[in-house]
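To start, I am sharing the structure in question, which I have written as structure tokens.
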Amino acid sequence: MEKFVRKEGLVAPLDRANVDTDAIIPKQFLKSIKRTGFGVNLFDEWRYLDRGEPDSDNTGRPLNADFVLNRKRFEGVTVMLARENFGCGSSREHAPWALLQFGIQTIIAPSFADIFYTNSLKNGLLLITLDPQIVDKLFQETESHEGYRLAVDLEQQTVSTPSGDSYKFDIDPHRKHCMLNGLDDIGLTLAHADSIKTFEAKHKSAQPWLF
């Protein structure tokens, strides 16, 4: 997965609480066996006025002009603000895939559903929990200033605003290490490839009848 050290990006406000994973990527898209192509169907039932289907052509589908991610000022968003309990519902890993493939690299909210939080960090999507009053302030500033951007520094664990305010956030040290170095679960395993090969060679030598 891609390393995350320090990134600055355009912010979009999704002013809804308890956004569940079926809203993030509706259930019909879970039929796909691919791990790519979910971004176009992110928040499908909110972004479009018709029903989307897996592997269908999304060109020309009618857009919901009232949905925040369809507003022209938020084109190219990489940071999203949300309300409490974002990512509740089923544990589908497709949800962080869809967010990342749409271009969102960071989500800031007062709280996240536990399984969604773990799935996101394992896939390189940084979730930041901040005090509700701080999140309120970021929502207000985003709506008031077109082109509002935030700088997210994972190494320093800070979110910085254009006005110079800086907010600290917590993250598990192991997850921080993985994101800084671009290591998913497979990457973590491959980091010990030499030791694994040595063990397998010794095991084969000591118990050849198993092979």
Side-chain angles (χ1 to χ4, degrees), residues 1-2 4 7-113 115-117 119-129 135-136 138-150 152:
M1 69 186 191
E2 183 183 347
F4 193 119
K7 297 184 180 183
E8 180 180 325
L10 181 69
V11 184
L14 183 64
D15 199 359
R16 305 188 189 206
N18 303 308
V19 173
D20 65 40
T21 52
D22 192 52
I24 296 171
I25 184 73
K27 56 187 177 297
Q28 67 266 28
F29 299 106
L30 308 190
K31 298 175 184 176
S32 174
I33 61 173
K34 302 175 184 177
R35 196 171 173 171
T36 59
F38 293 102
V40 70
N41 298 116
L42 176 70
F43 299 121
D44 197 89
E45 294 178 1
W46 295 347
R47 286 172 60 203
Y48 301 99
L49 298 175
D50 62 353
R51 177 182 167 86
E53 295 295 342
D55 301 318
S56 62
D57 183 6
N58 291 278
T59 305
R61 290 180 62 195
L63 293 173
N64 176 7
D66 293 329
F67 184 59
V68 61
L69 295 184
N70 289 339
R71 293 165 62 185
K72 189 170 182 62
R73 63 175 286 190
F74 296 121
E75 286 182 4
V77 57
T78 61
V79 181
M80 191 169 72
L81 300 177
R83 297 299 185 180
E84 61 272 9
N85 199 31
F86 186 90
C88 57
S90 69
S91 60
R92 64 194 70 175
E93 199 170 8
H94 303 68
W97 295 349
L99 287 157
L100 283 164
Q101 290 163 23
F102 184 80
I104 294 170
Q105 301 168 336
T106 306
I107 303 176
I108 299 171
S111 62
F112 297 93
I115 297 176
F116 174 77
Y117 183 87
N119 282 341
S120 295
L121 294 184
K122 283 186 175 183
N123 282 279
L125 175 62
L126 181 59
L127 303 187
I128 295 175
T129 303
V135 175
D136 281 342
L138 295 177
F139 265 98
Q140 293 167 11
E141 292 180 356
T142 301
E143 288 287 9
S144 299
H145 301 87
E146 187 165 349
Y148 188 79
R149 301 172 71 85
L150 289 172
V152 179

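FYI, side chains are in, hydrogens and waters are out, and symmetry mates aren't considered; it's all heavy atoms of this structure. The chain is numbered in sequence order, starting from 1.
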Residues forming a salt bridge (Lys or Arg N to Asp or Glu O under 4.0 Å) with Glu75, sequence neighbours excluded: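 Salt bridge (Lys or Arg N to Asp or Glu O under 4.0 Å) list for Glu75, sorted by chain: Lys72.
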
Under 4.5 Å between any side-chain heavy atoms of Leu125 and Ile107, yes or no?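 They are in contact (side-chain heavy atoms under 4.5 Å apart), so the answer is yes.
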
Starting at CZ of Arg92, measure out to NE2 of His94 and round the result to the nearest 0.5 Å.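 Atom-to-atom, Arg92:CZ and His94:NE2 are 8.5 Å apart.
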
Parallel, tilted or perpendicular, judged at 30° and 60°: which one describes the rings of Trp97 and Phe38?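 Tilted: the ring planes of Trp97 and Phe38 meet at 30° to 60°.
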
Gly37 backbone acceptor or donor facing Gln101 side chain under 3.5 Å: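 Yes, the answer is positive, given that a donor and an acceptor are paired below the 3.5 Å cut-off.
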
With sequence neighbours excluded, tell me which residues meet side chain to side chain donor-acceptor pair (under 3.5 Å) with Asn85.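 Asn85 satisfies side chain to side chain donor-acceptor pair (under 3.5 Å) with Asn18 only.
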
If we ignore angles and hydrogens, is there a donor and acceptor under 3.5 Å between the side chains of Asn58 and Arg47?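 No donor-acceptor contact under 3.5 Å links the two side chains.
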
Show every salt bridge (charged side-chain N to carboxylate O under 4.0 Å, His left out) that has at least one partner inside residues 52-65, sequence neighbours left out.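 Qualifying pairs: Lys34-Asp55, Asp44-Arg61, Asp50-Arg61, Arg51-Glu53.
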
Can you tell me if Thr21 uses its side chain to pair, donor with acceptor, with the backbone of Ser90 under 3.5 Å?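 Checked: pair present.
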
Are the side chains of Ile104 and Thr78 in contact, using a 4.5 Å heavy-atom criterion?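 Of all side-chain heavy-atom pairs linking Ile104 with Thr78, none is under 4.5 Å.
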
If I take atom CG from residue Leu69 and atom CE from residue Met80, how far apart are they, to the nearest 0.5 angstrom?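 So the CG of Leu69 and the CE of Met80 are separated by 7.0 Å.
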
Closest contact, heavy atoms only, Pro96 versus Asn123: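 Of all heavy-atom pairs spanning Pro96 and Asn123, the closest is CG-ND2, 4.3 Å.
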
On a heavy-atom basis, which atom in Met1 and which in Leu121 lie closest, and how many Å separate them?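 Closest approach of Met1 to Leu121, heavy atoms only: CE-O, 4.0 Å.
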
Got a second to check how far Phe43's CZ is from Arg16's CZ, nearest 0.5 Å?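 Separation between the atoms: 8.5 Å.
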
Is there a side-chain contact (heavy atoms from CB on, under 4.5 Å) between Leu138 and Leu150? Walk through the geometry before answering. CA-CA 9 Å; Leu138 295 177; Leu150 289 172; 4.2 Å; yes

Is a donor on one side and an acceptor on the other found under 3.5 Å between the side chain of Gln28 and the backbone of Gly52?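 Pair found, side chain donor or acceptor close to backbone of Gly52.
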
Rounded to the nearest 0.5 Å, how far does CD of Glu141 lie from CG of Leu81?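 If we round to the nearest 0.5 Å, Leu81:CG and Glu141:CD are 10.0 Å apart.
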
Please tell me whether Asn64 and Asn70 have a donor and an acceptor in their side chains that are separated by less than 3.5 angstrom.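 Short answer, no.
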
Which atom of Leu99 lies closest to which atom of Phe86, heavy atoms considered: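 Minimum heavy-atom separation between Leu99 and Phe86: CD1-CE2, 4.3 Å.
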
Matching residue for Phe102 among Ile24, Val40, Leu42 - test: side chain to side chain contact (heavy atoms under 4.5 Å, CB included):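 Exactly one pass, corresponding to Leu42.
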
Nearest heavy atoms of Ile25 and Asn41, plus distance in Å: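 Reported closest heavy-atom pair: CD1-O, 3.6 Å.
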
How close do Glu146 and Arg73 get, heavy atom to heavy atom, and via which atoms?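 For Glu146 versus Arg73, the nearest heavy atoms are CA-NH2, 3.3 Å.
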
Would you please test Val79 and Tyr148 for side-chain contact (heavy atoms from CB on, under 4.5 Å) and show each step? CA-CA 10 Å; Val79 181; Tyr148 188 79; over 6 Å; no

Can you find a heavy atom in the side chain of Phe74 that is under 4.5 Å from one in the side chain of Thr142?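 Heavy-atom side-chain distance check passes, below 4.5 Å.
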
Please report the interatomic distance NZ(Lys7) to OG1(Thr106), rounded to the nearest 0.5 Å.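 One finds 7.0 Å between NZ of Lys7 and OG1 of Thr106.
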
Might you point out which heavy atoms bring Leu127 and Phe116 nearest each other, and give the distance in Å?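 Closest heavy-atom pair between Leu127 and Phe116: CD1-CE2, 3.6 Å.
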
Report yes or no: does Arg83 contribute a side-chain atom to a donor-acceptor pair with the main-chain N or O of Leu14 at less than 3.5 Å?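 Checked: no pair found.
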
Give me the one residue out of Ile115, Asp20, Asp22 that meets side chain to side chain contact (heavy atoms under 4.5 Å, CB included) with Cys88.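 Only one of Ile115, Asp20, Asp22 forms a side chain to side chain contact (heavy atoms under 4.5 Å, CB included) with Cys88, namely Asp20.
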
